[in-house]
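Position 1 is the first residue of the sequence, and the numbers go up from there.
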Amino acid sequence: MADVQRWPGLVLAVFTLIGLAFPVLFGAFVPVLFGAFVQGYNRPPPRKNLSVPADDPGSASPIQVHTSVVGEDRMRGVWIRDIPSPATVVYGTFPGCSYTYGIIYAYGDVHDVVIGPLKPNMQYYYRCGSSHSDPELRFKTPPAAFPITFAVVGDLGQTEWTKSTLQHIGGMDYDVLLLPGDLSYANSHQPLWDSFGRIVEPYASKRPWMVTEGNHEIESFPPGFMAYNARWRMPYQESGSTSNLYYSFEVAGTHVIMLGSYAEFDAESDQYKWLQADLAKIDRKVTPWVVVLLHAPWYNTNTAHKGEGESMRQAMEELLYKARVDVVFAGHVHAYERFTRVYNNEADPCGPVYMTIGDGGNREGLALMFEDPASPLSLYREPSFGHGRLRIVNETHAFWGWHRNNDSNSVVKDQLWLESLSSSKACLHPGNQKVGSSSVNDEL
């Protein structure tokens, strides 16, 4: 359970005004400012938005470089140039880069190149461009087998808390970053996409970043996801999807599904039919772990965005349950929360573990208000910025840790071992009905 104090009949909230903290007592029948008072922890104040200078206008150098996984042995590199030029990547396994890969796709000034075949768990040096004056970067491909480490963070934004989160993520090695929506908070303002690209380039150019869309990726004119789709193209076609808003990929024995909270999801929709087909193709002997990401959480005891994922849950939850999905990560709510294994609002040992991790550092601040009393399904909840790490050790076990941003340090405040449902005899067959209630205690 969360390390938070409660008092019967009273709610103690700590507000900060001009640097001074003072308590306020409320009646017992109002939502709790849950987590504002945590033992041994004084929450730091909000931090300002980052100011990221633009690159020199007219520069021929590639900027805003980021990478992603494409299929079993390929990587995609995306970058921007102010001056039109061929989309070419030069790469190799040692400094100096020995291989050239030509134009694959270009969208205006946004260049998109897929390179490969590549060896797993290998460091490659590369240049986005054929000129020796272009900077040489390097990335590391994911491993082909366990163990593998995923960094997980949502609602990243562009604040000094964002910077802190990224520094903590980059301070420890990982193989793939998973981001369940709300990247730049551009809200149709294109320069914010550019500044976001500059902020994340030192990290996203070194490790693959796999993302799905959030509400702040929606553009008002023209309506849709034009900037997101052009700048953050994911391997949707390789997974049989017709939309960049939802797709899947496999890496090191793990099948990862990125769902679109802002694409149609009812039983007649393309996304629903795609998800149904994608789940049916999974071989749990080859990929014993299945992880799902989406933006609007299906389970949430925070008062922020309450119920916004409910219609999607009603439409799709049974598909995930029957497929024995192991973990579902969501963003949107600017706090951290972890549930027990759940299906249809009841504890179920064959349901996924649901986690909300929309705490990357966005400009809107933290979602401080949680319902009280806490649901027995919710095992840990705290409104603090941070990120998570899922280290899948082998076919049966994985370790999860949530790292809170504590000033300049990253502090692990929630952790547990997970057992893959593919290794559970009780849950082995996807067609099984519910097997009874699980304990709300940690899995291991």
Side-chain angles (χ1 to χ4, degrees), residues 67-76 114 116 120 141-146 148 150-152 154 175-181 183 207-214 217 225 228-229 232-265 267 269-296 298 309 312-313 315-331 352-355 390 392 395 398 420-422 430:
T67 61
S68 57
V69 172
V70 181
E72 182 179 350
D73 58 1
R74 284 169 168 76
M75 297 269 284
R76 170 175 279 114
V114 176
T141 56
F146 302 121
I148 183 171
F150 296 95
V152 189
D175 298 300
V176 179
L177 184 137
L178 305 175
L179 202 164
L183 286 69
R207 296 291 185 274
W209 279 35
M210 310 304 291
V211 306
T212 190
E213 86 283 0
E217 274 71 70
F225 298 88
Y228 169 78
N229 286 336
W232 289 85
R233 188 183 183 192
M234 294 288 113
Y236 68 95
Q237 293 171 314
E238 289 80 0
S239 65
S241 170
T242 59
S243 171
N244 194 50
L245 304 182
Y246 50 90
Y247 64 96
S248 67
F249 66 98
E250 292 187 352
V251 58
T254 308
H255 189 88
V256 182
I257 299 174
M258 298 291 211
L259 294 180
S261 294
Y262 304 97
E264 295 294 330
F265 48 70
S269 67
D270 289 343
Q271 180 175 200
Y272 184 97
K273 294 174 182 177
W274 168 83
L275 175 61
Q276 199 171 34
D278 188 74
L279 291 170
K281 295 176 184 176
I282 300 173
D283 183 349
R284 296 301 284 265
K285 294 180 180 179
V286 178
T287 51
W289 290 88
V290 181
V291 176
V292 171
L293 287 91
L294 48 86
H295 189 60
W298 294 357
M312 190 179 189
R313 182 194 71 80
M316 290 183 158
E317 183 181 25
E318 186 176 6
L319 294 180
L320 303 193
Y321 177 73
K322 288 184 175 180
R324 299 302 186 241
V325 168
D326 294 293
V327 185
V328 177
F329 293 107
V353 173
Y354 285 86
M355 302 192 203
L390 178 65
I392 301 181
E395 291 81 0
S420 171
L421 293 181
S422 67

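Between P235 and V69 there is no side-chain heavy-atom pair separated by less than 4.5 Å. Taking the side chain as every heavy atom from C-beta outward, T254 and F150 approach each other to under 4.5 Å. No side-chain heavy atom of M355 sits less than 4.5 Å from a side-chain heavy atom of V328. Using a 4.5 Å heavy-atom threshold, the side chains of F329 and V291 count as touching. Side chains of L183 and E217 form a contact here, defined as non-hydrogen atoms less than 4.5 Å apart. For the pair Y262/F225, a side-chain contact is recorded, criterion being any heavy-atom separation below 4.5 Å from C-beta on. With contacts defined as side-chain heavy-atom distances shorter than 4.5 Å, the pair W298/V292 does not qualify. Between L293 and M210, every side-chain heavy-atom pair lies at or beyond the 4.5 Å cut-off.
Of all non-hydrogen atoms in T141 and P120, the two that sit nearest each other are OG1-C, 3.3 Å. Taking both residues in full, the closest heavy atoms of S261 and A296 are given as OG-N, 3.1 Å, listed atom of the first, atom of the second, then distance. Contact record, L421 with V325: CD1-O, 3.5 Å, taken as the closest heavy-atom pair. When all heavy atoms are compared, the tightest approach of P352 to Y354 is O-CD1, 3.4 Å. Closest approach of P288 and S420 over heavy atoms only: O-OG, 2.8 Å.
Distance check, rounded to the nearest 0.5 Å: CG of L245 to CG of D270 gives 11.5 Å. From Y247, atom OH reaches atom CE of M258 across 4.0 Å, with rounding to the nearest 0.5 Å. Atoms CG and CD, from L179 and E213 in turn, are 11.5 Å apart once rounded to the nearest 0.5 Å. A distance of 11.5 Å separates OG in S422 from CZ in R324, rounded to the nearest 0.5 Å. Rounding to the nearest 0.5 angstrom, the gap separating the CZ atom in F146 from the CH2 atom in W289 is 8.0 Å. Considering CG of L275 and CG of L320, their distance stands at 6.0 Å, rounded to 0.5 Å.
V70 pairs with exactly one of M75, R233, E238 by the side-chain contact (heavy atoms from CB on, under 4.5 Å) rule, that one being E238.
For H295 (side chain) and P180 (main-chain N/O), a donor-acceptor pair under 3.5 Å exists by modelled atom type. A donor-acceptor pair is defined here as one N or O able to donate and one able to accept, closer than 3.5 Å; no such pair exists between the side chain of T212 and the backbone of G181. Of the possible donor and acceptor atoms, none in the side chain of S248 sits under 3.5 Å from a partner among the backbone N and O of I257. A donor-acceptor contact shorter than 3.5 Å is absent between the side chain of Q276 and the backbone of L319. With hydrogens and angles disregarded, no donor-acceptor distance shorter than 3.5 Å links the side chain of D278 to the backbone of W274. Between the side chain of T287 and the backbone N or O of D283 there is at least one donor-acceptor pair closer than 3.5 Å. Between the side chain of N244 and the main chain of W232, a donor-acceptor pair closer than 3.5 Å is present.
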Check step by step if side-chain contact (heavy atoms from CB on, under 4.5 Å) holds for V211 and M234. CA-CA 8 Å; V211 306; M234 294 288 113; 4.1 Å; yes
Before you tell me yes or no, could you show the steps for M312 and E317 under side-chain contact (heavy atoms from CB on, under 4.5 Å), namely the whole-Å CA-CA distance, both residues' side-chain angles and the distance that decides it to 0.1 Å? CA-CA 8 Å; M312 190 179 189; E317 183 181 25; over 6 Å; no
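Salt bridge status for R284 with D326: present, with a side-chain N to carboxylate O gap under 4.0 Å.
In this structure, Y228 has no ring-ring contact (aromatic ring centres under 6.0 Å, His included) partners at least two apart in sequence or on a different chain.
A donor-acceptor contact closer than 3.5 angstrom is absent between the side chains of S243 and S241.
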